[in-house]
2 protein chains.
Amino acid sequence: MMLDSETKAVELPEDHGTELRLWLRLLTCTTLIEGEVRSRLRERFDVTLPRFDLMAQLDKAPDGMTLSDLSKRMMVSNGNVTGLVERLVESGHLDRRTSDTDRRVQFIRLTKLGRAEFRKMAAEHETWIADIFGDLSHKDIRELMRLLAKTKASAQRSAKARTP
Amino acid sequence: MMLDSETKAVELPEDHGTELRLWLRLLTCTTLIEGEVRSRLRERFDVTLPRFDLMAQLDKAPDGMTLSDLSKRMMVSNGNVTGLVERLVESGHLDRRTSDTDRRVQFIRLTKLGRAEFRKMAAEHETWIADIFGDLSHKDIRELMRLLAKTKASAQRSAKARTP
DNA sequence: CCAAATTGCTTGAAGCTTAAAGAAATTCCG
DNA sequence: CGGAATTTCTTTAAGCTTCAAGCAATTTGG
């Protein structure tokens with residue numbers, strides 16, 4: 001890409017319409033599904049999607065995670081996580097403990113209540129997702145997984161190239 | 001799905017892990033790309049992604065659109081669009097005019113300034129997207145388009161089934 | 001024609017999100 | 001050791017987003 005634009009005779013406007021259409025379609029799919037999941041979470045459990053996502057991360061780490069880990073995994077800003085955690089501690093779903101060896105670090109865990117509620121939600125959530133993707137064959141799914149992995153790698157390469 | 005769960009002998013917990021993993025991967029891709037685009041828009045043009053998206057919709061409708069149309073196309077709430085439009089009118093990018101035949105309706109258009117700025121941004125934006133998807137072959141793109149179309153249809157079917 | 005339902009938009013409260021700046025603790029390295 | 005850089009987390013301001021309630025205009029169906 002960078003080589004191209006330097007090698008090329010000035011700048012013939014190329015056709016990038018297909019990539020753009022692909023991106024818009026990808027975005028539409030995600031927005032659609034996200035909205036559906038958000039709605040069902042609110043309706044069934046009166047919980048927001050960000051809270052569910054945060055609890056999902058913690059459920060995978062029984063010994064807890066730091067705020068930084070959470071922020072990296074969830075791909076959101078640090079300050080965002082600070083606020084989310086605060087509200088979830090307030091509601092009794094989370095537990096925070098300062099590290100013994102590094103007083104900057106906080107370990108966050110699900111409380112017993114938090115874990116129990118999350119597990120209940122997660123079970124239903126999984127069936128929603130299965131239904132939402134229900135018209136795709138196993139082969140479709142495999143193929144999508146492969147192509148999205150490639151997409152992710154491509155996007156990461158592009159992002160990295162910009163921020164050296 | 002509905003038939004299944006009624007026909008089936010109570011509820012054997014099925015394996016829906018692959019669908020869930022697919023959803024998470026889809027979400028990761030979108031979040032990654034969205035973040036990258038957001039960053040570049042801010043850096044290059046000091047504009048937010050929602051404003052860019054809104055202007056993109058309007059650019060396709062030279063005669064203007066109503067707030068409801070915008071909200072449907074962008075898949076966000078009505079109130080959200082009200083605020084976005086307000087700020088963009090304020091900054092001179094948008095123009096609002098009440099319909100002659102229905103005094104509830106407002107037609108929103110890009111101003112000359114708005115259109116000029118958007119076109120400049122859109123041209124660069126398209127090259128970013130092309131680069132972000134740059135590692136995908138034409139065949140990959142065609143295949144992804146097809147599978148995402150199927151995904152979208154499946155998600156819409158699922159959403160519709162829930163809200164009759 | 002008119003009451004009821006619908007449509008288009010706005011408002012308000014709560015929560016989410018980012019970017020940027022800053023505070024506190026730790027690590028690096030000369 | 002000790003100052004500089006880095007890391008972890010919080011705070012702040014601005015903006016985005018949803019949901020629910022509400023207002024005004026229009027359409028619908030008796």
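Every chain is numbered from 1 and lettered A, B, ... according to where its sequence line falls, protein lines coming before strand lines.
Side-chain proximity of A:Asp102 to the nucleotides C:dT26, D:dT10, C:dT10 is greatest for C:dT26. The nucleotide whose nearest atom lies closest to any side-chain atom of B:Asn78 is, among C:dT10, C:dC16, C:dT26, C:dT10. Comparing D:dT17, D:dT26, C:dA25 by their nearest atom to the side chain of B:Pro50 picks out D:dT17. Of the candidates D:dA25, C:dT10, C:dG15, C:dG15 carries the atom nearest the A:Arg51 side chain, counting heavy atoms from C-beta on. Ranking D:dT17, C:dT18, D:dT26 by closeness to the B:Leu84 side chain, first place goes to D:dT17. Distance from the side chain of A:Arg38 is smallest for D:dT18 among the nucleotides C:dG8, D:dC9, D:dT18. Among the nucleotides C:dT11, D:dT17, D:dT18, the one closest to any side-chain atom of B:Glu86 is C:dT11.
Using a 4.5 Å cut-off on side-chain heavy atoms (C-beta onward), A:Met55 and A:Leu110 make contact. When side chains are defined from C-beta on, B:Arg51 counts as touching B:Leu84, because their heavy atoms get closer than 4.5 Å. Considering only heavy atoms from C-beta on, B:Thr151 comes within 4.5 Å of A:Leu144 through its side chain.
Phosphate contact (OP1/OP2 of D:dT10, side-chain N/O of A:Thr82, threshold under 4.0 Å): present. Taking only side-chain nitrogens and oxygens, B:Ser68 comes nearer than 4.0 Å to OP1 or OP2 of C:dC9. Between D:dC16 and B:Arg87, a contact under 4.0 Å exists linking OP1 or OP2 to a side-chain N or O. Side-chain N/O atoms of A:Thr48 include one lying less than 4.0 angstrom from OP1 or OP2 on C:dC16. For C:dT18, the OP1/OP2 oxygens have a side-chain nitrogen or oxygen of A:Asn80 closer than 4.0 Å. Of the side-chain N and O atoms in A:Arg42, none sit less than 4.0 angstrom from OP1 or OP2 of C:dA14.
With DNA chain C read from its 5' end, the first of the two nearest nucleotides for B:Lys72 and A:Gly83 is the one closest to B:Lys72. Taking the nucleotide of DNA chain C with the nearest heavy atom to each of A:Thr101 and A:Gly79, the more 5' of the two is matched to A:Gly79. Judged by closest nucleotide on DNA chain D, A:Phe107 is the one of A:Phe107 and A:Gly35 placed further toward the 5' end.
As a whole-Å value, the separation of B:Leu70 CG from D:dC16 C1' is 16 Å. Atom CG in A:Leu54 sits roughly 12 Å away from atom C1' in C:dC16 (whole-Å rounding). Residue B:Asp46 contributes atom CG, which lies 9 Å from atom P of C:dA20 at whole-angstrom precision. To the nearest angstrom, P of C:dT11 lies 12 Å from CG of B:Leu67. In this structure, A:Asp69 atom CG and D:dT7 atom P are separated by 14 Å, rounded to whole Å. Atoms CD (A:Glu43) and C1' (D:dT18) sit 15 Å apart, rounded to a whole Å. As a whole-Å value, the separation of A:Asp100 CG from C:dA25 C1' is 15 Å. In this structure, B:Glu34 atom CD and D:dT17 atom P are separated by 9 Å, rounded to whole Å.
At distances below 3.5 Å, not a single donor-acceptor pair connects side-chain atoms of A:Arg40 with backbone N or O atoms of B:Arg162.
Proximity of the aromatic rings of A:Phe118 and A:Phe52 is defined here by a centroid distance below 6.0 angstrom, and this criterion is met.
Checked by atom type, the side-chain pair A:Asp140/A:Ser137 shows a donor-acceptor distance below 3.5 Å.
At a cut-off of 3.5 angstrom, the base of C:dT7 holds at least one donor-acceptor pair with the side chain of B:Arg104.
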